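Computed from a predicted structure; not experimentally measured.
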Amino acid sequence: MSAGAGRATITDVALRAGVSRTTVSHAMNGKGTVSPATSERVRAVAAELGYEPNAVARGLRQSRLGVIALIIRPLDSLDTANPEGVDYFLRFAGSAALSAVDRGYGLLLASDPTRDDAPAPGPAADGFIVDSPVEDDPLIALLRRRGTPYVAVGVAPDSSDDTPAVTHDAEADTDRILAHLTAGGARRIALVTGTDRNDWNRVAHAAYVAWVQRHGHLVDVHALDESSGVAGGRALGLDLLSGKLDGQSGRGGRPDAVYCLTGRHAAGVADAAKELSLRIPDDVQVVAGSDAVMCRTSEPPITALDLNPEQNARTAVNALVAALSGQPPRWPLRGAENHLIVRESTSARR
C-alpha cells in the first residue's frame, strides 16, 4: 500500500504475505493450524501495513461483542442519573466497569430498552446486569424471551433457585436497624419507604411491620416517591414530627425515631427535626437504609447502612462472565453483608 491509500485490510495483508485471508485471520487471532513461521510472517506484514483486526466484526462473527450492559433500575424514577449527595450509583457503576475490564469486557451503562422513550435500537450486549429490578420487570421478561444471559442484583433471598441473582437480605437489615433504635430508647419508630416496586421497598416494609408488631410497637409507615429527594423528606418530616400524621396505626403522636430507606429522605427528615427545634438524637433518632454523601456530611452525621455496592457489582460481573463462558454459578448468590455505620444521629444516646 502507498502512504495515504487508506486503511489496510485483511486482503492487503494476505496479498503481501502470499497467504489466504483465512490464514491471516487465524494467524492474528491465534486459531487454526498456522505454522509458527507463517504466523510470524503474517504478523510482521500486518505490522508493516498498519493492519488492525476489527474487534467489533470479530465479535459479531463469534456471537460476542465483548460488552456487558448495566441497567440501574432506581435511576428510572429519579430526575437525574447523578442525584446530588448520592454516591451509591457511582460506586456500583465504577466497580462494575473496572471488574468488567479485568475480565476482558467493556461496560455499557444504559437506560431500560423496554421504555417507550428508550433510544432505538436498545443496547447490544453479550449479557445484562440489572440492579434492583422491579416487580414483573419487563426487561427481565424480555431477556428471558431472547435467551440473553443476565444477573439481577438486589432481589430477596426467597427468589427461586434458578434465578440468576445476587440477593440482599433486607429483612435482616431491617431487624438490625430497628433493634439498634430500640436499644437507643426508641419506642415509636416510623418507616419511610420509597414507591419503586422493588424487593428493597417490599421486603423492608413487610419486615418492619412484622418486627414492630412482634415487639408491641405501633405501625407507622409512609411511602415517599424516591424522586422527591431531600425536599420530600423535609415536607414529610415536618408533618410527621409535628404529630399530624397517623401512619397505619390510626393513632396520632410523634415518633421518636425515623428509619428512611433512602439517604436523601433521611437528610430531609433531619432538616425538618431541626426546623421544629427537636434535638437529634435526644428527641428523635434518624437512620438511613442506604449510606450516601449527605448522610456523612449532615449535621449531625446520620447513621446509615452501607450496601456495599462495589462488592456486589464485582460479584455480579464475575457471575455473568462465568455464565457467558458456559459455567454459571449456583443461583442465587448471596450478596455482601451490609454494615450499619453508627453516627451521631443515634449514637449520642448510648
Side-chain angles (χ1 to χ4, degrees), residues 74 85-92 95 131-132 153-157 166-194 198-212 214-215 217 220-222 224 226 233 237 255-270 273 280-313 315 334-350:
V86 178
D87 55 351
Y88 171 89
F89 308 118
L90 292 172
R91 293 168 63 190
F92 189 96
S95 178
D131 180 53
S132 302
V153 179
V155 303
V166 178
T167 66
H168 70 160
D169 197 341
E171 180 176 359
D173 291 337
T174 301
D175 288 355
R176 183 184 306 119
I177 288 174
L178 296 177
H180 172 74
L181 292 171
T182 301
R187 293 298 175 264
R188 177 166 175 170
I189 304 170
L191 172 69
V192 180
T193 71
N198 55 37
D199 277 353
W200 192 38
N201 285 320
R202 177 184 67 84
V203 176
H205 184 170
Y208 164 86
V209 171
W211 193 94
V212 296
R214 191 166 63 247
H215 290 79
H217 294 197
D220 195 0
V221 183
H222 307 270
L224 193 59
E226 283 85 352
D256 53 11
V258 182
Y259 171 29
C260 299
L261 289 189
T262 78
R264 296 204 298 174
H265 288 164
V269 168
I280 302 174
D282 301 276
D283 298 321
V284 59
Q285 301 182 74
V286 181
V287 179
S290 176
D291 195 27
V293 172
M294 57 182 50
C295 294
R296 302 189 286 273
T297 58
S298 180
E299 184 54 46
I302 297 173
T303 294
L305 197 68
D306 184 358
L307 299 179
N308 283 302
E310 294 91 351
Q311 185 172 338
N312 288 324
T315 299
R334 176 61 66 90
E337 181 180 353
N338 300 328
H339 299 287
L340 185 63
I341 304 173
V342 179
R343 299 189 177 106
E344 293 175 21
S345 69
T346 63
S347 62
R349 285 190 173 199
R350 302 297 182 264

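- Residues V209 and L191 are not in side-chain contact: their nearest non-hydrogen atoms beyond the backbone lie 4.5 Å or more apart.
- Shown here for G237 and V269, the closest heavy-atom pair between the two residues is CA-CG2, 4.3 Å.
- Nearest heavy-atom pair, A288 versus Y259, reported as atom, atom and distance to 0.1 Å: C-CE1, 4.1 Å.
- The two residues R343 and T303 make their nearest non-hydrogen contact at N-OG1, 2.8 Å.
- Summarising the geometry, atom CG belonging to L181 is positioned 14.5 Å from atom CZ belonging to R188; distances are rounded to the nearest 0.5 Å.
- Here SG of C295 is found 11.5 Å from CZ of R264. Values are rounded to the nearest 0.5 Å.
- Atom OG1 of T315 sits about 12.5 Å away from atom CZ of R334, to the nearest 0.5 Å.
- Contact annotation: the side chain of D131 approaches that of P74 to within less than 4.5 Å [non-hydrogen atoms, C-beta and beyond].
- Scored by the ring-ring contact (aromatic ring centres under 6.0 Å, His included) test, H339 finds no partners at all (sequence neighbours excluded).
- Across all non-hydrogen atoms, the minimal contact from N308 to A336 is CB-CB, 3.7 Å.
- By the side chain to side chain contact (heavy atoms under 4.5 Å, CB included) test, A313 pairs with F92, S95, A96, sequence neighbours left out.
- Taking the side chain to side chain contact (heavy atoms under 4.5 Å, CB included) definition, one finds that N201 meets it with T193, D196, N198, E226, L261, sequence neighbours left out.
- Below 30°, between 30° and 60°, or above 60°: for W211 and H215 the angle between ring planes is below 30°, a parallel geometry.
- The nearest pair of heavy atoms linking R202 to A156 is NH2-CB, 3.6 Å.
- Electrostatic pairing of R296 and D291 counts as a salt bridge here, judged by a charged N lying under 4.0 Å from a carboxylate O.
- One finds the CG atom of D306 at 11.0 Å from the CD atom of E337 (value rounded to the nearest 0.5 Å).
- Rounding to the nearest 0.5 Å gives a distance of 8.5 Å between CG of D169 and OG1 of T174.
- In this structure the side chain of L307 never reaches within 4.5 angstrom of the side chain of N312, judged on heavy atoms.
- For the side-chain contact (heavy atoms from CB on, under 4.5 Å) with Y208, the qualifying choice from I177, V221, D175, V203 is V221, the only one to do so.
- In terms of heavy atoms, A186 sits closest to A257 at CB-CB, 3.7 Å.
- Screening D256, V258, I280, T346 for a side-chain contact (heavy atoms from CB on, under 4.5 Å) with Q285, the sole residue that qualifies is T346.
- In this structure, H205 NE2 and H222 NE2 are separated by 10.5 Å, a value rounded to the nearest 0.5 Å.
- Between T182 and H217, the closest side-chain pair of non-hydrogen atoms falls below 4.5 Å.
- Contact annotation: the side chain of W200 approaches that of S290 to within less than 4.5 Å [non-hydrogen atoms, C-beta and beyond].
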